[in-house]
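What follows is a single structure, written as structure tokens, with notes after it.
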Amino acid sequence: MTVAPSRWLSALRELGLVAVLFLIYKVGRLAANGHVSEAFSNARAVWDLEHRLHLPGELSFQHRLLTWHWLVEVANSYYAYVHFPATIACLIWLYVYRPAHYRWTRNILVLLTGTALLVHFVMPLAPPRMLTDTGMLDLGRLYGPAVYGAPETDQLSNQYAAMPSLHVGWAVVVAVALIAATSGRWRGLWLAHPVVTLLVVVGTGNHYWLDAIAAVGLLGVAYWVVRAQYPVAVRVPELVGVGAVPRQRVLPVEEPALRG
């Protein structure tokens with residue numbers, strides 16, 4: 001199958017757009033770094049709030065995970081190696097086979113990530129693995145593979161940006177996109193990706209339960225904003241009689257929807 005030059009140019013533009021957005025995101029995360037005392041103060045507030053809300057404790061969940069050391073390594077690997085590749089693979093597949101769903105999903109990811117970056121500026125937050133006085137452990141550092149270095153020397157990421165959890169947010173976007181874009185009987189199994197991601201990020205000490213809740217809340221807003229762009233009007237000619245001048249009829253173009 002021969003790919004038209006215009007298709008290649010479109011793909012290169014999309015690749016460039018994604019690369020620029022990723023660079024902005026990384027620079028923004030680094031610019032939001034440096035608020036260590038505020039990040040730890042917010043962490044204690046989130047920890048206490050979760051207890052008042054009677055949410056499951058991250059510490060007890062991590063202790064259960066530690067009873068299977070092999071599972072700890074699997075969880076660490078999932079955290080380290082699945083997040084970006086799964087999202088990129090989903091976008092590539094959608095771009096090639098489901099272009100309308102690709103544009104919809106790309107816009108959702110841009111809105112979610114941009115909003116998350118603003119939250120990182122406003123509310124720096126140390127992850128649970130840094131609250132060593134609570135008994136939480138950094139399982140990535142202890143068992144590997146480790147994603148982060150020492151916070152004071154890490155120049156590649158902002159480790160005080162726990163809320164919202166983009167691991168969870170992006171995983172939900174991937175699952176929703178693939179469920180919407182496919183029609184197989186078992187497509188609902190894509191929901192396993194965000195569920196496993198949630199358990200992994202909490203069990204390894206990288207996020208609080210509230211980080212995931214915040215991500216889903218922002219994602220709901222992003223879907224509402226993107227949904228507001230539909231339907232859009234497309235004008236098509238409609239003949240009103242023999243020899244008559246064509247007039248325009250407006251047809252709605254709906255957003256990508258779940259297939260029944």
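What you see is a predicted model, and the numbers here were worked out from it, not measured in a lab. Basis for what follows: all heavy atoms, side chains included, without hydrogens, waters or symmetry-related copies.
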### Task
Carefully, step by step, assess Val147 and His83 under the rule side-chain contact (heavy atoms from CB on, under 4.5 Å).
CA-CA 12 Å; Val147 176; His83 176 53; over 6 Å; no
### Query
Does a side-chain heavy-atom distance below 4.5 Å link Tyr223 with Leu112?
no
### Task
Would you check if Leu131 and Phe40 make a side-chain contact, meaning some heavy-atom pair closer than 4.5 Å?
yes
### Task
Taking all non-hydrogen atoms of both residues into account, name the closest pair between Ser165 and Ala212 and its distance.
CB-N, 4.2 Å
### Atom CH2 of Trp190: over 12 foreign heavy atoms under 6.0 Å
no
### Query
Would a hydrophobic clustering, with Ile, Leu, Val, Met, Phe, Trp and Tyr connected at side-chain separations under 4.5 Å, put Val201 with Leu66?
no
#### Entry: Heavy-atom closest contact (Ile179 atom, Gly188 atom, distance)
CD1-CA, 4.2 Å
### Query
Do Leu91 and Leu109 have side chains that get closer than 4.5 Å, going by heavy atoms?
yes
### Query
Which pair of non-hydrogen atoms, one from Thr115 and one from Leu111, has the smallest distance, and what is that distance?
OG1-O, 2.7 Å
### Message
Are Leu137 and Tyr143 packed together at the side-chain level, in the sense that at least one heavy-atom pair is separated by less than 4.5 angstrom?
### Response
no
## Note on the structure
Here the pair of heavy atoms bringing Gly205 nearest to Pro128 is O-CD, 3.3 Å
### Task
Quick one: sort the His101 and Trp104 rings into parallel, tilted or perpendicular, breaks at 30° and 60°.
perpendicular
### Query
Which word best sums up how the rings of Tyr79 and His167 line up, parallel for under 30°, tilted for 30 to 60°, or perpendicular for over 60°?
parallel
### Query
Going through the distances and angles, do Tyr160 and Met130 end up as a side-chain contact (heavy atoms from CB on, under 4.5 Å)?
CA-CA 10 Å; Tyr160 303 107; Met130 292 185 181; 3.5 Å; yes
### Query
Which value, rounded to the nearest 0.5 Å, describes the distance between Gln159 atom CD and Leu125 atom CG?
12.5 Å
### Query
Hey, does the side chain of Trp209 reach the backbone of Pro56 with a donor-acceptor pair shorter than 3.5 angstrom?
yes
### Query
For the hydrophobic clusters of this structure (ILVMFWY residues joined by side-chain heavy atoms under 4.5 Å, transitively), does one cluster hold both Val196 and Phe61?
yes
### Query
So, the side chain of Asn42 versus the backbone of Pro124: is there a donor-acceptor pair under 3.5 Å, distance only?
yes
### Message
Less than 4.5 Å apart, side chain to side chain, heavy atoms only: is that true for His120 and Pro164?
### Response
yes
### Query
Backbone N or O of Gly144 within a donor-acceptor pair of the Asn76 side chain at under 3.5 Å?
yes
### Task
Using modelled atom types only, decide if a donor and an acceptor are shared between the side chain of Thr197 and the backbone of His193 within a distance under 3.5 Å.
yes
#### Entry: Which atom of Leu166 lies closest to which atom of Ala116, heavy atoms considered
CD2-CB, 3.7 Å
### Query
Are Val168 and Val74 connected in a single hydrophobic cluster, I mean Ile/Leu/Val/Met/Phe/Trp/Tyr linked by side-chain heavy atoms less than 4.5 Å apart?
no
### Query
Heavy atoms, side chains only, cut-off 4.5 Å: are Cys90 and Leu178 in contact?
yes
### Message
For a quick test of reading the model, state the closest non-hydrogen atom pair linking Ala177 to Leu94 and the distance between them.
### Response
CB-CD1, 3.9 Å
### Query
Do Trp93 and Arg98 come within less than 4.5 Å of each other through their side chains, counting heavy atoms only?
yes
### Summary
Rounding to 0.5 Å, atoms CE (Met123) and OG (Ser41) come to a distance of 9.5 Å
### Audit row: Leu139, Leu65, side-chain contact (heavy atoms from CB on, under 4.5 Å) steps and yes/no
CA-CA 10 Å; Leu139 299 190; Leu65 180 62; 3.9 Å; yes
### Query
When you measure from the side chain of Glu50 to the backbone N and O of Tyr208, does any donor-acceptor pair fall under 3.5 Å?
no
### Query
Does Phe84 belong to the same Ile/Leu/Val/Met/Phe/Trp/Tyr cluster as Val173, with side-chain heavy atoms less than 4.5 Å apart forming each link?
yes
### Task
Could you give me the CA-CA distance, side-chain angles and deciding distance for Asp133 and Arg44, then say whether side-chain contact (heavy atoms from CB on, under 4.5 Å) is met?
CA-CA 11 Å; Asp133 59 320; Arg44 297 302 311 188; 2.9 Å; yes
### Task
Please round to the nearest 0.5 Å and tell me the distance separating atom CG of Leu53 and atom CG of Asp48.
11.0 Å
### Query
Cluster partners of Trp186, using ILVMFWY side-chain heavy atoms under 4.5 angstrom, listed by chain and number?
Leu189
#### Entry: Cluster link Leu199 to Met136, ILVMFWY, side chain under 4.5 Å
yes
### Query
Would you say Arg129's side chain and Asn206's backbone share a donor-acceptor pair under 3.5 angstrom?
no
### Message
Suppose the criterion is side chain to side chain donor-acceptor pair (under 3.5 Å): which pairs have a residue in residues 53-70, not counting sequence neighbours?
### Response
none
Atom pairs and distances, side-chain donor-acceptor, residues 213-222, under 3.5 Å, sequence neighbours left out:
none

